[in-house]
Each structure stands twice: as structure tokens, then as C-alpha cells.
Amino acid sequence: LVAMLVNVGILHLQPFTAFDTCINMFTKNRINIRAKMMMAGVTGADIARKRNCSRSHVCHVIAGISENEETRLAIAESVGSQVHELWPSP
């Protein structure tokens, strides 16, 4: 999905600095997680209900703003992945 978005010019992943590289990594990771959620037919609201938390909390975990392991596990399980596959160690 990321490659497709780059090819059509929607997403530009040209790092210029270490900061840009870090931001692009989070952007690419977030897009990959969202794509897996779409393919699995799962929404942030579904995960929030399962975890009894807010949709914004789920969004923050997906975006890398928050690092809640229980929410990461719920997201990974809902898309049929392991946590380390969705959030690889740097």
C-alpha cells in the first residue's frame, strides 16, 4: 500500500534529515497498520470497544504517540499479526 501511494504521488517518503527519516518511519508504519486493519475489516472503534478505551487512544497507539502494550496486542490480534511485526524494535 505504501509503495502504491508513493508511486501515484500521494505519499512522499524522501528523507532529508534524521528527524525526517524517523517521521517517515512512523508514517509508513501507521499506514501499514491501517491497511491491515482495512483488509481485516477492523476499525479503531472496534478495537476501542474490545479494550474499553477511547478511539483516540487507539489512534495514538497506531501513530506511535502512545506505547500501550495491551492496546498494541489488541490491534495485532485483530489483524492477525504479532506485536513485533507491527511495531518493530528500532
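Residues: numbered from 1 along the sequence shown. Everything quoted here is computed from the prediction, not taken from an experiment.
Between the side chain of N68 and the main chain of V61, no donor-acceptor pair closer than 3.5 Å is present. For the pair E85 (side chain) and Q82 (backbone), a donor-acceptor distance under 3.5 Å is present.
A distance of 12.5 Å separates CD1 of I62 from CD1 of I31, quoted to the nearest 0.5 Å. Atom OG of residue S54 and atom NE2 of residue H60 lie 8.0 Å apart, to the nearest 0.5 angstrom. Here the straight-line distance linking atom CZ of R34 with atom SG of C59 works out to 4.5 Å at 0.5 Å rounding. Here the CG-CD distance, from N52 to E70, works out to 11.5 Å after rounding to the nearest 0.5 Å. Here the straight-line distance linking atom CD of E69 with atom CH2 of W87 works out to 8.5 Å at 0.5 Å rounding. A distance of 8.5 Å separates CZ of R55 from OG1 of T43, quoted to the nearest 0.5 Å.
Criterion: ILVMFWY side-chain heavy atoms under 4.5 Å apart, direct or through other members. Under it, I47 and V83 are part of a common hydrophobic cluster.
Proximity of D46 to S78: side-chain heavy atoms (C-beta onward) are nowhere separated by under 4.5 Å.
Just one residue in the list K50, R51, K36 forms a salt bridge (charged side-chain N to carboxylate O under 4.0 Å, His left out) with E77, and that residue is K50.
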Problem set entry | Stepwise side-chain contact (heavy atoms from CB on, under 4.5 Å) test for I33 and V79 | CA-CA 8 Å; I33 293 169; V79 299; 6.0 Å; no

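Taking all atoms of both residues into account, the shortest heavy-atom contact from V58 to C53 is CG2-SG, 3.8 Å.
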